[in-house]
Structures are given as C-alpha cells and as structure tokens.
2 protein chains.
Amino acid sequence: MRIAIKQIEAFLAVAEHKSFSAAARHIGVAQPALSTTIRDLETELGVRLFDRTTRRVELTQAGEEFRASSSKVLEDLGHAVQNARDLAARRRGRIRIAAPPLLSSTIVPWAIAAFQREYPGITVELLDAPAQDIREEVLSSNADCGLGTFSAHEEGIERTVLMRDNLALFMPADHPLAAAPYVRWEDMATLPLIAMARSSGIRRLMELGAESAAQVLRPKFEASLVTTALAFVGAGLGVSVLPTYALSRADQLDLVARPLVDPTVSRDLCLIRASGKSLSPAVSSFITVLRNHVQGRIPS
Amino acid sequence: MRIAIKQIEAFLAVAEHKSFSAAARHIGVAQPALSTTIRDLETELGVRLFDRTTRRVELTQAGEEFRASSSKVLEDLGHAVQNARDLAARRRGRIRIAAPPLLSSTIVPWAIAAFQREYPGITVELLDAPAQDIREEVLSSNADCGLGTFSAHEEGIERTVLMRDNLALFMPADHPLAAAPYVRWEDMATLPLIAMARSSGIRRLMELGAESAAQVLRPKFEASLVTTALAFVGAGLGVSVLPTYALSRADQLDLVARPLVDPTVSRDLCLIRASGKSLSPAVSSFITVLRNHVQGRIPS
DNA sequence: GCGAGTTACGATAAACGTAAGGATG
DNA sequence: CATCCTTACGTTTATCGTAACTCGC
C-alpha cells in the first residue's frame, strides 16, 4: 500500500471543489503540489480519477467509485483516531477497580461518585472481591488496579500507599471507654471481644497489637465480615477492633471508635497495579481522584 | 489528520508480532525507524499504544481498540484500491454503448460477445436508440460511446471511423440483377423500390447516389426500420438500397446484395465519444475489440 | 552480558513552493 | 487574453539507516 492519507485528502478536496486551485487553497498547499499529489495517486491506482480540462474538473467513473469508498475510509479512520484521543482526554474509557468488601462499601463508592462527576464519560466497574483475591485480579489484568493492604515488595505489582489508617476500638457510644480520646490495649483486655475471622488481615493486625502490648485476647465471637462485627457491637454483645474507616458503616448503630494506642497499629491502605503495564489515562485520573478523596478523610 | 498509512501499517505489524525487531524485519525497515514511527503515532493520538519493556511488547487498552478499528480501516482502503485497480485491469467495470437499431442487431452483439469472452468481469449495456438520438446519449454521458454515421466535426464529440461501408441493392437471390457483381443506379431505376423513411440517413444517402447518377427514384413503399424493408424485399415486393452489412439480418429471406456503383456511395461507420472525457479502461478496450471485429467483416 | 527498544545524527529521498509553459473558453 | 492545470527545478522538510546508549532479564 503505497498510498498516503494525504493523497486521499487531496483527492477528496479536489472532488469536492471540482477545482485544483480552490482545493489547494482549502487545504493550504500550492496548487502545483496538488497536481503532483493527484498525479501520483492516479499512477498508484492505475486509473485516471479526474477528467480535467483547463475549465472543468470532473470525476471519472473510477473517480466516483473511489471517492465513495475512500471518503468512507477516511471517515472511519477519523472516528478511530477520535476514539483514541477521547481515551487520552478521559472523555471515554472503562476502568475496573478491585477492592475488598469493606472498602467496596465505604471509601470506594464515594470516590467513584466523585470521579464520575469529573469524568462522566468513563465507565467504572467495581470488582468487590475477597481481600486475598485482589492481588490476583490485578496480576491477571482482570482489574486495572486494586485496593487493600499489601506488603511492600510483592512480585509483579507496584504499590502506592494512599493513606495510613489505625486500628481502633469500636463500642457503643455510651460505653465507659468512649469517654477517653484513646484506648490502651490493656483497657480492653477484659471486655467481650468480637474479632474478625482468623484469615482476616485485620485479625492478624489486632493480634500483633495485642502481642506488643503483652495482652492475650480471647474473642467471644468471630465474624467474617466487618458489617457483622459492627452489628454485634451495635447489639451490645461486645467491642471490636477494626480500622477506623469502618466507622462509616456504623451510622445507624450509634457506635464510636477510639484509636488503640501503645502500640498504635497502623495499616496502610494501598493501591496496587500490575508493574510493566502503563496506566491508562482514565486509571491514572481515577488514582488522582481517589487519593484526593482519601486525603480528605484521613481518620484521627 | 496528520496520521499516515505507513504509521498504521507499522503499528499493526508491531501489534501482530509483539516485537519491534520482528515487525521491522517484516516490513523491511530498520528497527529504530519503527520505534520513531510508533512514537510519532502515539504522540499524534495522545495515547500510549504499547506497553514495552525490553522483553515484552503488549498492546495497551487504547492500543487494542485502535488496532481493531484501524485494521478494519486499512482493510477497507485495500478493497477500495483494489476496486480501482480492477477497473484499470479490466477485471471489473461497466460500459454502455449507444447504437442505432440496425447496428444493434447486426455488428454490435457479436462485438459484445467477443469482448465478453476477453473481459468477462465487465458489464456491457447496449442502448439501442434511434440513430438521431445517439449523439445526445453520448453528450449527456448516458452512454460511454456511440455508433453510427456522423459528420466529421460535430460539437462536443470525438469521432473515429471504424469502417467504410457502401450502399448496395438488396433483392431476392433469383433476381436478374443478382447475376452481375455490381449494379448501376440506372439499372434499378424502373424497379419497384422499397425505401427507408425520409428522416433516415440511409434514405438521404440513397437520394444522393441517385442524384449523382441523374436518376429520380420513386419509392413504392417506405419503411422506418431496415428489417421491415428487408421483409418487403423478401416478399418479392421490390428491391431496396441499404448498407451491405444489413445483409446479415436477411439470412432466412434468401436475399442478395450487390454494390451500387457509379457512384459508389459510401457511409462511414463511426464511433463517437464525448470530447474532454477520458476513456475508461473498459471502454478503451471495447473500442479495440470492436475495431478488430469490424475489420474482419468489411463487406465487399 | 545478551537481547531488545530508544536516542542521536548524518545521509538520502520525498514533498513543497516558485516560476515558466500550455491549453481551453 | 485570462484562467487554470501542468511541468521544471531548487529548496526545504522529513524519513531512514548506522551507531551509540539504556534498560530488563
């Protein structure tokens, strides 16, 4: 294919204006340049596209046919290019975020809402998956990025810390410990504890904190989902150790959270994405929005 | 549209081979040239099309989309170009020939048959029109070319003489004058004459010949169509003056034609086409076939 | 350190514009 | 004779290939 788009554009311009001079002015080249461009195109196709006398320029039969097909081709190409540019301009696109249950029902929906306001053309899909599956979803490119808690140097992913959250003690608002701004691990040792399941990352962090404070925790109940644990606390069955941002799921339960200190157990909320893959423009913008959104909500 | 087809071809080659080096070998350029071509295309589109490490080259999301649309565009363009080249190669096309009734039923069908054998892909349409309409059909571009008898310098048409035919006397095979190889105008003066209508070109030529021979013809019958005149002769109602090639329409009638001499009245069979319009490849080939065909059939 | 993509730069080739030529109405 | 397309030619621009560099495995 030795044909250039420039040649086709020149051809269509001449066909439209029925004049080399007018077409040359229109596309901003000297008229002799147009002549040679058309001549080369005709040579390439092997057919004469225009019947031209000094007074009239008219399409030949072959020219008519080629005009119809090539103009459609150029139109399609224009659309293809526009689509690509729309992606770049975030006017269009599709992103897929993987997040664990708690984040999927707290921070992420609000971040997505903010993102949608700014980039209404982009489709956002949220893949709410168990925390241990997030990494795999990102690695397999099933999701463009993932949220959760991840260790620093995992294989094949790049990690960015979005915010640092601390473990807090969740209890009914009228609980005695709610009076103080902080709670020490020792303070909760004797309270009935609603813990997360042993496979949970939160559970492990809790045990880490308790161990540092030389406490042994004896959970009275175990829950797989944070919402379950919150409901137990709301029902007055005990207290729970959860990340502070879980508070946003406890609005109707009249709960409070007080940061656990000595030690403060922090938990990084991270964003991960497959290393080696470039961020699509939409994902890159989503990360910015997410980061801004999260920064405005850093708990205590 | 500052995008070149070359760029798209390069892009598709890289996408296919998932390698710059392999793609560069495939399209026959140095690999650094490919790099810059892709880079320019990406800049133009505003998106990164490939995620490339030194070990892997993979399409981005935007690249996948652009690959789908642009490959289709290139395919369509290929078809458009192929169509144009098919026209040039006479593999395809459509031509429309205008011819008067007698030619439409004698020479032309055989010429078209010969043409079709050589160029089976081309559609040939025959517009059989009254002789006086042929020129108009050609001028209005309703027909690509026309056949008939035309004077040398008519406005807007170019004329090519295909063959020179002579007027002859048509009579039953057993007619006394059929014994001689020629007939003189005086010989037929007293015979019952079936003449063409006064508007006919043949009629005018006949009167021209008679006048030169100082004869006054008194037609006994007049016919608008040559076939009618031939039928009258076949029925023994008289003789007629017609171009020799009309003999091919008189097979079953047992007629003979003897050239009229002193003077010999000649009639040029011409091909006309609109001046200023280029011949389409198919028409140009048809003219060649027609000329060859006619040359093999020049009557006495 | 080898293989693969990128950057730098000089050489080559294509495209363009100016000026002159030719044909048409 | 005025207009418009074509041809010719010198200049500019862009493209390409070689070589040196960089990165990842």
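Convention: sequence-line order gives letters A, B, ...; per-chain numbering from 1.
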Output every pair passing side-chain hydrogen bond (donor to acceptor under 3.5 Å, both in side chains) with a member in residues 15-26 of chain A, not counting sequence neighbours, ordered by first then second residue.
none

Atom-pair distance (CG on A:Asp51; C1' on C:dT24), nearest Å:
15 Å

A:Arg2 has an atom CZ; how far is it from atom P of D:dT15, in whole Å?
16 Å

Electrostatic pair A:Arg39:A:Glu44 at N-O distance under 4.0 angstrom:
no

Inter-axis angle, terminal five-pair segments of the helix from C:dG1-D:dC25 to C:dG25-D:dC1 [nearest 10°]
30°

Between protein and nucleotides 5-14 of chain C, what N or O pairs are separated by less than 3.5 Å?
residue: C:dG5; atom: OP1; partner: B:Phe20; partner atom: N; Å: 2.8
residue: C:dG5; atom: OP2; partner: B:Ser21; partner atom: N; Å: 3.0
residue: C:dG5; atom: OP2; partner: B:Ser21; partner atom: OG; Å: 2.3
residue: C:dT6; atom: OP1; partner: B:Arg52; partner atom: NE; Å: 2.3
residue: C:dT6; atom: OP1; partner: B:Arg52; partner atom: NH2; Å: 3.3
residue: C:dT6; atom: OP2; partner: B:Ser35; partner atom: OG; Å: 2.7

Nucleotide D:dT15, atom P - distance to CD1 of B:Ile5 in whole Å:
14 Å

Does CZ belonging to A:Arg204 count more than 12 external heavy atoms closer than 6.0 Å?
no

Would you kindly give the CD-to-P distance between A:Glu44 and C:dA15, to the nearest whole Å?
11 Å

Exceeds 12 heavy-atom contacts within 6.0 angstrom, atom CZ of A:Arg2:
no

Can you tell me the distance, in whole Å, between the CD atom of A:Gln7 and the C1' atom of C:dA15?
11 Å

Do A:Asp51 and A:Thr60 pair up side chain to side chain, a donor and an acceptor below 3.5 Å, judged on atom types alone?
no

Side-chain ion pair, A:Arg52 and A:Glu42, N-O less than 4.0 Å:
yes

In this structure, how many angstroms lie between the P atom of D:dT15 and the CD1 atom of B:Ile3, rounded?
13 Å

Suppose we call two aromatic rings close when their centres sit under 6.0 Å apart. Are A:Phe50 and A:Phe11 close by that rule?
yes

Length of the line joining B:Arg25:CZ and C:dG3:C1', which is rounded to integer Å:
11 Å

d(B:Ile112 CD1, B:His293 NE2) to nearest 0.5 Å is 10.0 Å

Between C1' of D:dT15 and CD1 of B:Ile27, the distance in whole Å
13 Å

State, without any angle test, whether A:Ser278 and B:Arg48 hold a side-chain donor-acceptor pair at a distance under 3.5 Å.
no

